[in-house]
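Here's the structure we're looking at; comments come further down.
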Amino acid sequence: MGFGSNLILVLVGLIFVGSRLIHGFGIFGFDMHHRYSDPVKGILDIDDQHLPQMGSVDYYSAMAHRDRLAGAGDATVESSLAFVDGNETYQLPSLGFLHYANVSLGTPSLWFLVALDTGSDLFWIPCDCRSCVKGLVTRSGRLDFNIYSPNTSSTSTRVPCDSSSCRLRKQCSARPEICPYQVNYQSSNTSSTGILIEDTLHLTTEDTSLKATVDAKIKFGCGMIQTGSFLNRAAPNGLFGLGMEKMSVPSILASSGLTANSFSMCFGSDGAGRINFGDKGSLDQGKTPLNLDTPHRTYNISMTQTVVGDNVTNVDFTAIFDTGTSFTYLNDPAYSIISKSFASQTKETRSQPRSNLPFEYCYDISPGQQTFEAPPLNLTMKGGDQFSVTNPFVNVPLEKTL
């Protein structure tokens, strides 16, 4: 292929709306930005040598490779809440292709740039660590991360072994005043180990007329030993569990009476987005039930149809929403039904497989071509509402080949 040629990748991009039980409380929210967005580069000033160029072959290959990481106040507040240090979140390629938010914890407060993960439950941060990442090199110098210590926060308490939150009670008989934890993730040899701590997560109301600070007591992991991908730039400054179990941050906020037991996440076409705790949804919002009878409680839903252009096929399969995964992965028969139906309705020339791209359906377009005619792709969720897949195509410029 000559210099200036382009390649169209056929991807399935999904928007996540995490449904949970709804009650009449407030909403917590903060903005989300794409990991490659200009606001993120401006805030973190990450060295470009660590960033695959957005839209390049390396960009999408790296995202597919890192998907193996995915796992894992007392008064009622009537206004939505955000993190006190700001409601922006970021998607960062150099930090494992995960979504990040800046949170404040402890007294005096320290900020932590934590990855947002709907595929796991525990919130943990590097803490008195013997094995962790303590900073990154940026264009303007070194960015040092904060490292938490229970001894320096006046609002910190250790979770005892007899707490209902302590799952590893058999391992703490020698130290009954502390509860150990260990979380293992799908990525090879990736884990976080330490003890459980309770401290203050600093939040603020989003409603300008009701502006107030809310300090939520939460239990989290004091991560003393991180391994695997956590030492190779993925979630180097902590991971914010958004799962369904009682140790996740949304569950803790709900059980404390601060918010409804729900949250939503939305992503724009440029990757900028937003997360809200306690979101009750809109009147015109589509709905589908969560599958709660699975061996592991996850954000699992059922699909009943694939709709590719004019082809409608009844097929039952389940899907998990996971912010720790870059792409959508489908098993057969759903994958074959969608891909073959798409290929039969696409007029562009299908390209030859490339060893550095982990995708099967790619199409050649000519230099300067601005449009690509392809059938729309939608999925029908259980209950009948449509899940429209927005912009499932990406344009990848190819370097000159000899």
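Everything numeric here is computed off the predicted structure, so don't read it as measured data.
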So do [Y] and [X] actually touch side chain to side chain, heavy atoms under 4.5 Å?
X	Y	result
Ser149	Asp128	yes
Val103	Phe123	yes
Leu253	Phe263	no
Ser163	Lys219	yes
Phe342	Thr306	no
Thr313	Ser341	no
Ser165	Met247	yes
Tyr363	Ile365	no

Could you check Phe220 against Asp199 for side-chain contact (heavy atoms from CB on, under 4.5 Å), going step by step and ending with a plain yes or no?
-> CA-CA 8 Å; Phe220 61 94; Asp199 208 339; 3.6 Å; yes
Can you name the residues that form a salt bridge (charged side-chain N to carboxylate O under 4.0 Å, His left out) with Asp144, not counting sequence neighbours?
->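 By the salt bridge (charged side-chain N to carboxylate O under 4.0 Å, His left out) rule, Asp144 matches Arg142.
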Yes or no on side-chain contact (heavy atoms from CB on, under 4.5 Å) for Asn184 and Ser191, after CA distance, side-chain angles and deciding distance?
-> CA-CA 4 Å; Asn184 298 308; Ser191 66; 3.3 Å; yes
Can you see which heavy atom on [X] is nearest to which on [Y], and at what distance?
X	Y	result
Tyr100	Ala234	OH-C, 4.0 Å
Ser351	Asp364	CB-OD1, 3.1 Å
Ser192	Tyr185	N-CE1, 4.4 Å
Thr323	Leu116	OG1-O, 2.7 Å
Trp124	Ala235	CH2-O, 3.8 Å

Any donor-acceptor pair under 3.5 Å from Thr190 side chain to Gly228 backbone =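 Checked: no pair found.
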Between the main-chain N or O of Ile252 and the side-chain N or O of Ser255, is there a donor-acceptor pair closer than 3.5 Å?
->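 Present.
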When rounded to the nearest 0.5 angstrom, what is the spacing between CD in Gln226 and CZ in Arg130?
->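 Answer for the CD-CZ pair, Gln226 versus Arg130, is 10.5 Å.
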Test side chain to side chain contact (heavy atoms under 4.5 Å, CB included) applied to Ser344 - qualifying residues, sequence neighbours left out |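 Ser344 satisfies side chain to side chain contact (heavy atoms under 4.5 Å, CB included) with Asn311 once adjacent residues are dropped.
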For Thr200, all residues meeting side chain to side chain contact (heavy atoms under 4.5 Å, CB included), sequence neighbours excluded |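 Partners of Thr200 under the side chain to side chain contact (heavy atoms under 4.5 Å, CB included) test: Thr155, His202, Asp215, Lys217.
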Taking Cys166 and Cys179, which are both Cys, do their SG atoms fall under 2.5 Å of each other?
->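 Between Cys179 and Cys166 there is a disulfide, given that their SG atoms are under 2.5 Å apart.
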Do you see a donor-acceptor pair shorter than 3.5 Å between the side chains of Thr288 and Asp385?
->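 No - no donor-acceptor pair under 3.5 Å links their side chains.
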Side chains of Thr346 and Tyr361: is there a donor and an acceptor less than 3.5 Å apart?
->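 Side chains of Thr346 and Tyr361: no pair found under 3.5 Å.
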Glu177 with Arg158: basic N within carboxylate O range, under 4.0 Å =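 No, no charged N to carboxylate O under 4.0 Å.
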Is Asp332 atom CG crowded by more than 12 heavy atoms from other residues, nucleotides or ligands, each under 6.0 Å away?
->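 Atom CG in Asp332 is crowded, with more than 12 foreign heavy atoms closer than 6.0 Å.
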Between Ile301 and Lys382, is a side-chain contact (heavy atoms from CB on, under 4.5 Å) present by the stated rule, with each step listed?
-> CA-CA 8 Å; Ile301 68 169; Lys382 185 177 181 179; over 6 Å; no
